[in-house]
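Residue numbers start from 1 in every chain, and the chains themselves are labelled A, B, ... in the order their sequence lines are given, proteins ahead of strands.
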Amino acid sequence: MLDMKYIREHEADVRAALDHRGADVDLDGLLEKDRERRAGLQEGERLKSERNTVSKEIGLRKKAGEDTDQQQQRMREVGERIAALDGQNRALEEEIAGILLTIPNVPHKDAPVGPDDTANRLIRTVGEAREFEFEPKTHVELAESLGLIDFTRAARMSGAGFVLFKGLGARLERALMQFMLDMHTREHGYTEIAPPLLCHAEAMTGTGQLPKMAEDMYTIPEDGLYLIPTAEVTVTNMYREEILQDPLPIRHVACTPCFRREAGAAGRETRGLIRVHQFDKVELVKFVEPETSYAELESLLGHAEEVLKRLELPYRVRELCTGDLSFAAARCYDIELWAPGQQAWLEVSSCSNFEDFQARRARIRYRNDKGKTAFVHSLNGSGVALARLFVAILENYQMADGSIALPPALVPYMGGLERIE
RNA sequence: GGAGAGAUGGCUGAGUGGUUUAAAGCGGCGGAUUGCUAAUCCGUUGUACGGUUGAAAAGCCGUACCGGGGGUUCGAAUCCCCCUCUCUCCGCCA
């Protein structure tokens with residue numbers, strides 16, 4: 001969330017930023033509540049100061065055997081006024097906090113301004129889309145004919161949007177996870193984390209999934225738990241309400257299932273792996289000093305791209321415009337893979353710098369070089385999402401006979417297998 | 001799931017209603033002493049919010065904070081209630 005003090009002191013900037021995002025926020029109402037709160041706070045603090053002084057005096061006079069009934073009576077009345085003011089102030093504070101939680105981050109000044117994904121900026125395209133001398137099949141056709149995925153049985157158990165990997169399909173899924181985790185831990189300096197897959201509302205609020213995305217998540221009401229839609233939630237909230245002692249930057253990687261209800265997406269991409277309720281994802285998370293966070297964003301993006309380079313898959317990188325940025329992000333790059341069977345670009349990674357937006361919500365701080373506590377900057381990006389990567393591998397590496405020639409980087413992870421047929 | 005014991009600053013650990021603005025020690029920071037190191041001595045020490053001075057760095061004033069939330073009281077770390085977490089034992093369990 002944004003700092004109330006920042007909003008107060010940079011009203012015009014905030015107003016412009018929200019406008020660029022297309023966010024509808026009653027900033028005037030918020031600022032008025034903030035003024036009311038500070039006035040009430042000052043009055044309450046003045047009364048408390050008086051009570052503290054007089055109470056101390058009562059103690060001393062009682063010890064001296066003097067009568068203090070009159071003072072006690074007066075302080076009782078002051079106490080009642082304090083209680084009333086405290087109540088008002090708390091209500092105002094809650095209202096203000098509630099509003100702040102719904103205000104999205106201020107985009108970075110260099111983020112392209114625009115209303116939706118048509119205004120996103122193409123950064124680069126890497127690799128060439130392969131020329132097929134036959135009609136490329138979709139991953140659904142390939143996976144079914146090779147027995148890699150059983151869509152029918154998964155749907156019978158769990159409904160549409162769930163998949164069951166089988167045999168070499170399950171093996172390929174596992175190989176991809178292992179390949180990516182090995183690269184990020186051995187070569188890119190990330191520490192591997194295996195976090196809980198369920199967590200409570202406070203953690204979801206910390207990273208910004210709540211309150212806005214409530215209906216996109218699976219819940220377990222009896223226990224007050226949510227299934228994570230991304231490992232970002234638990235890996236970031238690891239440090240909730242902490243002052244970090246470890247030297248920055250902290251770099252973590254986690255491979256977890258991700259659960260998404262995809263509410264509102266009914267009917268879209270119901271076949272196949274493109275949009276599913278449960279998928280695996282390798283997630284990269286960083287906590288860094290504010291001065292370095294944009295350099296860290298570039299290296300994060302590079303780490304995610306490296307996966308696709310090693311797998312020799314064609315992809316492009318786009319920077320999201322202000323209207324397309326996710327709620328908590330200040331700046332974000334999407335990586336999209338070319339899928340010949342779909343004839344479409346598939347988003348497999350979003351690399352975002354949240355600056356101190358998540359850290360303020362989750363109260364994650366560090367000590368700067370002056371020894372002062374300050375909010376860290378947090379970043380994350382997929383490195384990369386599995387289901388769609390699986391799609392791209394099948395569709396890009398398919399042969400005329402329907403078999404899959406595995407990319408060389410993956411062969412060791414498939415026990416030496418070079419081809420799925 | 002049952003029973004019991006706990007939760008105090010960066011750490012250890014005192015504190016059962018009023019100079020506690022949280023003792024003491026450790027650690028950290030600054031300084032003194034010192035050929036170097038060690039030791040010793042002196043000083044200092046958290047977080048948040050609000051106000052105020054200042055160009056800023058940084059001061060100063062106030063309030064709150066002893067796991068969280070409520071209550072009693074003129075006054076709560078301390079008394080009462082609820083909750084969470086940790087530990088020990090029992091039960092169950094991959």
* To do: Give Thr373(A) one of three labels, base, sugar-phosphate or nothing, depending on what nucleic acid heavy atoms sit under 4.0 Å from its own.
  => sugar-phosphate
* To do: Answer with base, sugar-phosphate or nothing: what part of the nucleic acid does Arg61(A) contact at a heavy-atom distance below 4.0 Å?
  =>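 Result for Arg61(A) = nothing.
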Can you tell whether the side chains of [X] and [Y] come within less than 4.0 Å, N to carboxylate O?
{"X": "Arg365(A)", "Y": "Glu241(A)", "value": "no"}
{"X": "Glu215(A)", "Y": "Arg261(A)", "value": "no"}
{"X": "Arg310(A)", "Y": "Glu187(A)", "value": "yes"}
{"X": "Arg15(A)", "Y": "Glu11(A)", "value": "yes"}

* **Gap in Å between the two C1' atoms, one belonging to rG67(B) and one to rG6(B), rounded** =>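 That atom pair is separated by 11 Å.
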Can you check the [X] [atom1] to [N] [atom2] distance for me, whole Å?
{"X": "Tyr6(A)", "N": "rC49(B)", "atom1": "OH", "atom2": "C1'", "result": "21 Å"}
{"X": "Arg363(A)", "N": "rC65(B)", "atom1": "CZ", "atom2": "C1'", "result": "14 Å"}
{"X": "Glu94(A)", "N": "rC49(B)", "atom1": "CD", "atom2": "C1'", "result": "16 Å"}
{"X": "Leu92(A)", "N": "rC49(B)", "atom1": "CG", "atom2": "P", "result": "17 Å"}
{"X": "Ile243(A)", "N": "rC11(B)", "atom1": "CD1", "atom2": "C1'", "result": "14 Å"}
{"X": "Leu60(A)", "N": "rU21(B)", "atom1": "CG", "atom2": "C1'", "result": "14 Å"}
{"X": "Glu242(A)", "N": "rC11(B)", "atom1": "CD", "atom2": "P", "result": "11 Å"}
{"X": "Met4(A)", "N": "rA48(B)", "atom1": "CE", "atom2": "P", "result": "18 Å"}

Sequence neighbours excluded, which residues qualify as ring pair (Phe, Tyr, Trp, His ring centres under 6.0 Å) partners of [X]?
{"X": "His10(A)", "answer": "Tyr6(A)"}
{"X": "Phe354(A)", "answer": "none"}
{"X": "Phe357(A)", "answer": "Phe327(A)"}

* **Within residues 29-42 of chain A: residues closer than 4.0 Å to RNA chain B (heavy atoms)** =>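 Heavy-atom contacts with RNA chain B come from Arg37(A), Arg38(A), Leu41(A), Gln42(A).
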* **First of Lys5(A) and Glu57(A) reached from the 5' end of RNA chain B, by closest nucleotide** =>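 With Lys5(A) and Glu57(A) compared, the 5'-side residue is Glu57(A).
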* Atom pair CZ (Arg171(A)) and CG (Leu168(A)), whose distance is rounded to the nearest 0.5 Å ->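 Arg171(A) atom CZ to Leu168(A) atom CG measures 8.0 Å (nearest 0.5 Å).
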* Which residues satisfy the side-chain hydrogen bond (donor to acceptor under 3.5 Å, both in side chains) test with Glu32(A), sequence neighbours excluded? ->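 side-chain hydrogen bond (donor to acceptor under 3.5 Å, both in side chains) list for Glu32(A), sorted by chain: Arg35(A).
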* Sequence-distant partners of Glu232(A), side-chain hydrogen bond (donor to acceptor under 3.5 Å, both in side chains), two or more places apart ->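 Glu232(A): side-chain hydrogen bond (donor to acceptor under 3.5 Å, both in side chains) contacts with Gln358(A), Asn380(A).
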* Output yes when at least one side-chain N/O atom of Arg8(A) is less than 4.0 Å from OP1 or OP2 of rG50(B), else no. => yes
* To do: Using the ring-ring contact (aromatic ring centres under 6.0 Å, His included) rule, collect all pairs that involve residues 278-305 of chain A, keeping only residues at least two apart or in two chains.
  => His108(A)-Tyr294(A), His188(A)-His303(A), Tyr190(A)-His303(A), Tyr239(A)-Phe287(A)
* Donor-acceptor side-chain pairing of Tyr333(A) and Glu298(A) below 3.5 angstrom ->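 There is such a pair (donor and acceptor under 3.5 Å, judged by atom type) between the side chains of Tyr333(A) and Glu298(A).
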Where do N or O atoms of nucleotides 59-63 of chain B meet protein N or O atoms at under 3.5 Å, pair by pair?
unit_1: rG62(B); atom_1: O3'; unit_2: Ser49(A); atom_2: OG; d: 3.2
unit_1: rG62(B); atom_1: N2; unit_2: Glu45(A); atom_2: OE1; d: 3.0
unit_1: rG62(B); atom_1: N2; unit_2: Glu45(A); atom_2: OE2; d: 3.0
unit_1: rU63(B); atom_1: OP1; unit_2: Ser49(A); atom_2: OG; d: 3.4
unit_1: rU63(B); atom_1: OP1; unit_2: Asn52(A); atom_2: ND2; d: 3.3

* When every nucleotide of nucleotides 67-82 of chain B is labelled 5' to 3' by its protein contacts under 4.0 Å (heavy atoms), B for base, S for sugar-phosphate only, - for none, what sequence of letters results? -> ---S---BS-------
* Contiguous pairing runs of three or more, Watson-Crick or G-U under 3.5 Å, that involve RNA chain B -> B:1-7 with B:84-90, B:10-12 with B:24-26, B:27-32 with B:40-45, B:46-53 with B:58-65, B:67-71 with B:79-83
* For Arg46(A), all residues meeting salt bridge (Lys or Arg N to Asp or Glu O under 4.0 Å), sequence neighbours excluded -> Glu43(A)
* Residue pairs passing the salt bridge (charged side-chain N to carboxylate O under 4.0 Å, His left out) test where at least one lies in residues 317-328 of chain A, sequence neighbours excluded ->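 Sorted pair list: Arg121(A)-Glu319(A), Arg318(A)-Glu336(A), Glu319(A)-Arg331(A).
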